[in-house]
Amino acid sequence: MDIQLPLQRLTRAKYGLEPNQCDAGQLYHALLQFTQEQAAGRPAPEGERKLYYFSAEFLLGKLLSNNLLALGLYDQADELLRQWGHSLAEVEQAEPEPSLGNGGLGRLAACFLDSIAALGLPGDGVGLNYHYGLFRQVFSDNQQRELPNPWIEPDGWLIPTGVRFPVRFGFGTLDAVLWDIAVPGAHTGIANRLHLFDVEHPAPAPQQGIGFDKRDIAHCLTSFLYPDDSDEDGRLLRVYQQYFMVSAGAQLILKELDERGVDPRQLCQHVAIQINDTHPSMVIPELTRLLLERGLSMDEALHQVAHACAYTNHTILAEALEKWPMSYLRTVAPQLEPILREMDRRAKQVLPDPRLAIIGPDDTVHMAHLDIHYSYSVNGVAALHTQILCQSELKPFADVYPYKFNNKTNGITLRRWLEACNPQLAGLIDQCAGPQWRTDPARLEALLSFTGDGQVLRRLLEIKRENKLALCQAVEREQGVRLDPDSLFDIQVKRLHEYKRQQMNALYVIRKYLEIKSGQLPPRPITVIFGAKAAPAYVMAKRIIHLILCLSQLIEADPQVRPWLRVVMVANYNVTWAQQLIPACDLSEQISLASKEASGTSNMKFMANGALTLGTLDGANVEIAQLVGGENIYTFGAHSDQVIGLYAHNGYHPWDYYQRDGVRPLVDFLVSPQLLALGNEDDLRALWEDMKGKDYFMALLDVEDYIATRDRAVLDYGNRSAWARKALVNIAKSGYFSSDRTIQQYNQDIWRLG
Ligand SMILES: *Cc1c(COP(=O)(O)O)cnc(C)c1O
């Protein structure tokens, strides 16, 4: 279709201007309106069974390019914008990124919606319409500060539906108002929807920081994603959010069943509900309750619910497995208590062990246990993760319900994470392997026959350089820092968590700093880039950010070190940053403590964009290593079974490692006069003490192997053609990590949407 005329009509009607007289913001809004109309004209896919993907987070990223790509209008729009004196990249800068998620789990949900639609499957997302996101991160005094991150505009992506459902809380009833975001499918003529529930009268943004009245449920329920749960009001608010989401979502399911003329006694033949981590778990008792209200018996209702629901586990970190005191549920949704007690009674007949009960002896409700007992599928998100679930973490459950457990290795949509964020590379792949990979990512393997082609390898390096240059411009624009595109770009971007071990990366930086100060120069200049938000109440994570920012300041001010080593932390890491950073990366840091990262997905994004992985054998890194082979990845560190053994026997003592000559000076640098002059003494000292005395995620266990392996990668980088060959193998093998593959497996093994 030709979009020039409709766009012209839009800019004339909206602004009284010709397109070439519009500024970037006006063109953005005209294109937004146009893509919204196109998506609205598409039918929903049909099928006997429909999926509802419930998730507390959908980390969508900007939608304009993505939706143009899905509608098949991307190239044409870019071409037209250039004729009008702009470009898609420039126009897209006017778009605020939706603040509906925080990290990998939410980004996975977004990739899945994209793939479900691209495969033409009937499946909608269900979540909440947060107004101010997690938070917007800024730095001052080398510390993270949190501000609201508003993103909702009058003429944005949210479509009012006029649909609302009453949600009954202990204190009274609140209406859940439904907003939709269209999810057009690439290469299909259909569109699905992301359903986002909101309160009717949302509160305005807080005046200062992200503090707000956590007891003002009626107005603040959807203000922030994950309100600070370090006090009881914050924890209660989370339960209010969760119940609001699932009650409205369950009512939506029943409404759509009615519209399809289906008897709720046949619900499970027509509905699949995927529970993304435990935040939506209360959909199980809530849907049961609504079916009882419609006249089903308890046996009938539980049968329907347990054959509709499937649960995805995302973590084995104990502190992340949600448990709510029954007293909270009694406050928020007292109508659920009798249903949960009955579910617990029945579950105990299968598994009498009180540690495996839904309601524990201390009257707390274990959300994961609820999910496992009352779902027909329980999946982990990478081969190693699922293996650990079945063999240790959830073993007693896997023993009684072996048929429920299965693996679905995560994936990413290559439409956003290659086609849209790295169009030059996508073009080179087209030239080499033909364009079929865009609909059949396994075809990327055709690139393997070009690993000996000098011209292709040179072009690959050129594209990487162009992407690094573009990143340099973005970093200079956003933070006023000028980077050297000819240095090695080493990047670690992900949520800040001790298990992800940004602190170990910082120890490498310290090591290089000390070497350079002593006259020992690295083989080439290195730029270390971080991006990470720390949860507002996670003190250790904030201290690690503080350390990184202090190191950055120290090095920036040192003319002896600065030509060889740079450290920069981008503020407010989000999907928009990720799309700039990942195509520009040479070395991808995936250094979590083995057994702790369920899968990771940024590892997959980096690989698809021709970065080499420096990683532990954790999560999906294991599968990446198997696919590319040992010579095309840098792995190091303790293996997961070793680590699990150390935890089981309290066998790890950081002090033993701290004693070593290669380790102690790095750790002690945290409290060196140089660093204390720049940073907060209490924070740095607390980090230092923790690393020597506790180091719960074992950075010192792996740090020497890490340094040696990273040094080897830096050295190898000097052989440019050999490096390019490894990068090409990584791109060629990344097709396996397309979320289209993941979703096909979910559909074949779990959803069976027909
Ligand atoms: C992919 C992605 C993540 C997940 O990163 P991991 O390294 O897998 O934890 C987090 N945040 C953003 C913005 C992402 O795009």
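Whatever order the structure lists them in is the order used to number ligands and atoms, beginning at 1. Both backbone and side-chain heavy atoms feed into the values below; hydrogens, waters and symmetry mates do not.
A side-chain donor-acceptor contact under 3.5 Å links N467 and N422. Inspection of the N621 and Q590 side chains reveals no N or O donor paired with an N or O acceptor under 3.5 Å. Side-chain polar atoms of T409 and E623 form a donor-acceptor pair below 3.5 angstrom.
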Should H195 and F58 be marked as a ring pair (Phe, Tyr, Trp, His ring centres under 6.0 Å) after you check the CA-CA gap, both sets of side-chain angles, and the distance that decides it?
CA-CA 11 Å; H195 302 294; F58 290 90; over 10 Å; no

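Between V570 and Q137, the shortest heavy-atom contact is O-OE1, 4.1 Å.
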Expected rows: ligand 1 N/O, protein N/O, dist below 3.5 Å:
from     : atom 1 : to   : atom 2 : distance (Å)
ligand 1 : 7 (O)  : K494 : NZ     : 2.6
ligand 1 : 7 (O)  : S602 : OG     : 2.5
ligand 1 : 8 (O)  : T601 : N      : 2.7
ligand 1 : 8 (O)  : S602 : N      : 3.1
ligand 1 : 9 (O)  : K500 : NZ     : 2.7
ligand 1 : 15 (O) : K605 : NZ     : 2.6

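Below 30°, between 30° and 60°, or above 60°: for H279 and Y226 the angle between ring planes is between 30° and 60°, a tilted geometry.
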